[in-house]
Amino acid sequence: MLLLFALPLCYMSAGMYALPLRHMSAGIDTLGTPAITFALVIAVLGLIYLVFQARRVLAMDNGNQVMQEIAAAIQEGAAAFLNREYTFLGGFVVVVAVIIAVFLAWQTALSFILGAIASSAAGYLGMFIAVRANVRTAAAASKSLDDGLRVAFSSGSIMGMAVVSFSLLGMTLLYFLFNGNILYITGFGFGASSIALFARVGGGIYTKAADVGADLVGKVEQGIPEDDPRNPAVIADNVGDNVGDVAGMGADLFESYSGSIIAAATLGAVVADGAGIVLPFLVAGVGVIAALIGTFLVRAQEGASQEDLLGVLRRAIYSASVIVLILAAGVVVYTGVGWNFLAVILVGLVAGNGIGWFTEYFTSYTEKPTQGIAQKAETGSATLIIEGLAVGMNSTLPPVLIVAAAIMLALWLGGDNGLFAVALAGVGMLSTLGITLATDAYGPVADNAGGIAEMSDLPDEVRDRTDALDSLGNTTAATGKGFAIGSAVLTALALMAAYVQAANLDTLNLLDSTMIPGMLVGAMLPYLFAALTMTAVGKAAYEIVLEVRRQFAEIPGIMERTTKPDYKTCVDISTRSALREMVIPGALAVVVPLLIGFLLGAQALAGMLIGAIASGFMLAVMMANSGGAWDNAKKWIETGVMGGKGSEAHKAAVVGDTVGDPFKDTSGPSLNILIKLMSIVSLVFASAFGEGWLNLF
């Protein structure tokens with residue numbers, strides 16, 4: 001299986017973008033040297049912030065002895081899973097790197113390894129801090145809501161800044177090492193992609209299997225509270241929040257961030273005598289500065305409502321966006337690329353914030369869509385699930401219109417460099433990732449803090465505060481997924497356009513005998529991928545449910561709290577299941593484009609990419625927003641409306657939440673990696689496909 005991935009990937013780094021590359025080997029000129037040095041310095045500044053913030057978080061009160069014991073169990077489980085996952089991925093990276101070095105160049109192999117290491121390090125660091133910030137957030141929430149928010153958000157900011165700093169640091173160092181040859185640096189993006197694909201899928205399977213299993217037996221069958229220490233799956237559930245929603249998500253967005261910069265830098269080789277190469281690095285650099293400033297604007301007052309908390313985070317993100325635009329104006333003047341590209345960056349920023357705003361609207365329990373889902377719980381789980389699906393489907397309208405408008409505006413503003421403009425809009429959208437990811441990554445920390453508060457019998461007001469932060473985290477997590485899929489569409493479009501040129505397809509003929517079949521196959525692939533990942537969650541959750549039921553039935557004293565349940569068995573089940581089930585969905589992204597290209601030809605593969613991008617975009621948005629809305633509908637009922645916790649409406653909402661878990665945290669967020677990876681594979685082998693083997697007969 002490793003060779004199945006290794007063979008195509010070893011060629012990816014050589015042929016990733018088949019557009020004119022005449023400036024790539026020209027060396028570091030008078031513009032490139034100071035520009036890339038600036039990006040490097042900013043990356044180092046981000047690392048300094050990481051050290052400062054990590055020391056600050058770890059120095060905070062970590063609660064009483066019981067809280068510390070619970071946190072230690074979560075830390076042990078998270079580290080065990082990531083160690084086993086990274087051991088598997090380490091073997092994969094070594095195999096691919098050796099093949100790249102033998103058949104291509106050692107420079108590309110080195111970039112590949114560095115990309116994989118940097119992505120893994122960012123995810124591991126984020127997880128390391130998160131599993132230590134959770135208990136500190138619970139202790140801080142014992143004092144006030146603002147204290148809890150600041151600790152949790154500080155932890156999230158470490159994840160966000162680790163992603164952007166490690167990415168910029170790795171790519172700028174490689175730029176200097178290889179004398180400005182972007183061709184070699186593309187290997188960095190593939191190293192990141194190799195980690196992202198497995199980390200997101202594997203982590204997603206782990207976290208949702210444990211979550212679903214814990215909820216179905218604990219809350220629905222036994223009627224005990226969420227995160228009750230009597231539930232044998234409760235530690236696995238809390239571990240999953242970190243390996244899936246922190247480490248997995250970090251690897252995912254690391255890949256998106258790195259890929260957008262590499263795509264724009266490559267396409268920028270023909271812009272303003274090569275100035276377009278350094279422009280995305282500079283935009284990313286000023287984005288780090290803006291994100292750093294934005295992190296200091298997050299404050300909340302005691303008793304703040306969900307709308308107030310959302311307003312706090314919006315203020316920080318919008319402020320960072322304004323700062324990026326102001327600093328980007330200086331970047332445009334410095335590079336001399338033209339003011340039209342500042343407008344392109346603005347298009348990306350507005351598009352990203354627009355997607356975020358509409359995502360909040362459809363998933364926050366302060367808004368009508370999610371409240372409408374909760375109201376349907378009065379008539380049972382069926383009507384609640386129906387309404388949640390409808391909300392998710394409705395939620396596709398705004399982001400589709402926003403991304404479509406952004407693409408059209410970027411192409412128009414870019415003129416002869418329209419494809420570069422589209423890629424640059426993606427960089428603009430992700431330029432504030434340091435803070436947008438912070439608002440996402442803090443959610444699992446708040447969720448874990450609530451679990452620790454419940455398991456250590458802290459006062460009810462502490463759990464109320466952590467629940468408020470957790471609900472906000474569900475909304476911001478959905479927003480982060482919207483950013484990821486929106487930028488993925490822009491990047492995938494640039495890759496597909498490059499593929500069309502590399503395959504010498506002057507026109508795409510809808511009447512071609514293979515074009516429409518290719519589109520249909522492409523539109524089907526995201527559904528097949530989602531089905532495989534959801535089935536994997538179902539299998540693992542089934543094993544968890546059986547184990548939890550067995551322990552309740554066979555171990556006396558669990559319900560009476562005289563005996564502790566066996567937490568480690570559930571952790572081990574989730575770990576083994578995730579590692580086993582993540583391989584086949586990952587293979588899909590590589591194998592299918594090759595089969596279509598070689599069997600049906602380049603025209604059919606172009607159709608497949610069109611279908612996959614369009615279908616994957618819709619499905620990812622629908623699944624992420626349905627899942628987030630179901631989760632927050634449950635949270636809204638738990639605030640006391642419609643009978644509150646333990647009511648029939650609450651039980652129905654729990655069922656909806658468990659259905660939505662793999663939607664929002666496994667299948668949905670993995671689709672953006674799928675569409676980009678399929679586009680890259682197609683581009684790499686573009687010159688080899690021709691008319692297709694089947695068309696020769």
Side-chain angles (χ1 to χ4, degrees), residues 49-50 52-63 67 70-71 74-75 78 125-163 227 238-242 244-247 249-250 291 294-304 306 308-317 434-454 456 458 461-480 631-632 635:
Y49 172 85
L50 286 178
F52 165 78
Q53 196 72 292
R55 288 172 60 90
R56 178 172 168 269
V57 169
L58 295 177
M60 293 178 177
D61 178 24
N62 60 349
M67 296 166 66
I70 296 168
I74 297 172
Q75 293 165 21
L125 175 62
M127 183 278 297
F128 180 88
I129 296 298
V131 295
R132 287 158 178 80
N134 51 14
V135 66
R136 290 165 171 81
T137 299
S142 300
K143 302 173 184 176
S144 72
L145 179 66
D146 181 54
D147 286 338
L149 173 62
R150 290 170 67 178
V151 175
F153 185 81
S154 295
S155 170
S157 69
I158 292 172
M159 177 76 262
M161 204 54 60
V163 166
D227 297 315
N238 282 275
V239 169
D241 291 335
N242 296 283
D245 299 339
V246 177
M249 175 191 60
T295 58
F296 294 104
L297 300 178
V298 177
R299 296 288 187 274
Q301 295 181 349
E302 187 62 32
Q306 280 292 298
D308 294 333
L309 292 173
L310 277 174
V312 168
L313 298 185
R314 284 174 182 164
R315 179 184 64 198
I317 293 173
I435 189 166
T436 55
L437 181 52
T439 64
D440 190 345
Y442 105 94
V445 176
D447 191 0
N448 266 204
I452 292 172
E454 183 75 36
S456 56
L458 294 182
E461 62 265 21
V462 178
R463 185 60 197 254
D464 291 340
R465 291 166 183 159
T466 58
D467 279 350
L469 296 176
D470 183 23
S471 179
L472 178 64
N474 291 333
T475 301
T476 56
T479 302
D631 196 346
N632 276 341
K635 287 287 191 301

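Atoms considered below: every heavy atom in the structure, side chains included; atoms not considered: hydrogens, waters and symmetry mates.
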### Query
Going from CD1 on I129 to CG on L50, what distance comes out if it is rounded to the nearest 0.5 angstrom?
9.0 Å

### Message
Tell me the closest heavy-atom pair linking A141 and T466, and the distance in Å.
### Response
CB-CG2, 4.0 Å

### Query
Where is the tightest heavy-atom contact between A139 and M67, given as atom of each residue plus distance?
N-CE, 3.8 Å

### Message
Check whether S155 reaches the backbone of V151 with its side chain - one donor and one acceptor, N or O, closer than 3.5 Å.
### Response
no

### Query
Taking all non-hydrogen atoms of both residues, which atom of S144 and which atom of R465 are closest, and how far apart?
N-NH1, 3.8 Å

### Query
Taking it one step at a time, do I74 and N448 satisfy side-chain contact (heavy atoms from CB on, under 4.5 Å)?
CA-CA 9 Å; I74 297 172; N448 266 204; 3.8 Å; yes

### Message
Using a 6.0 Å distance limit plus a 45 degree cone around the ring axis, check whether R55 lies over the aromatic ring of F52.
### Response
no

### Query
Given the rule in the side-chain contact (heavy atoms from CB on, under 4.5 Å) test, do M159 and L125 qualify, once you have shown the distances and angles that lead to the verdict?
CA-CA 7 Å; M159 177 76 262; L125 175 62; over 6 Å; no

### Query
With sequence neighbours left out, what residues match A78 under side chain to side chain contact (heavy atoms under 4.5 Å, CB included)?
M127, V131, V239, V243

### Task
Enter the distance from Y49:OH to I158:CD1 here, rounded to the nearest 0.5 Å.
7.0 Å

### Spacing of S154 atom OG and L149 atom CG [to the nearest 0.5 Å]
8.5 Å

### Query
How close do A453 and V462 get, heavy atom to heavy atom, and via which atoms?
CB-CG1, 4.0 Å

### Message
side-chain contact (heavy atoms from CB on, under 4.5 Å), that's the test. Do V57 and R132 meet it? Break it down for me.
### Response
CA-CA 8 Å; V57 169; R132 287 158 178 80; over 6 Å; no

### Message
What verdict does the side-chain contact (heavy atoms from CB on, under 4.5 Å) test give for V445 and F153, after you've listed the backbone C-alpha separation in whole Å, the side-chain angles of each residue and the deciding distance to 0.1 Å?
### Response
CA-CA 9 Å; V445 176; F153 185 81; over 6 Å; no

### Nearest-0.5 Å distance, CZ of residue R56 to OG of residue S157
8.0 Å

### Query
With distance as the sole test, does R136 use its side chain to make a donor-acceptor pair with the main-chain N or O of N62 at under 3.5 Å?
no

### Query
After noting the C-alpha distance and the side-chain angles of N134 and T137, does the key distance pass the side chain to side chain donor-acceptor pair (under 3.5 Å) rule?
CA-CA 5 Å; N134 51 14; T137 299; over 6 Å; no

### Message
Applying side chain to side chain contact (heavy atoms under 4.5 Å, CB included), can you list everything that pairs with A316, at least two apart in sequence or on another chain?
### Response
L297, V298, I435

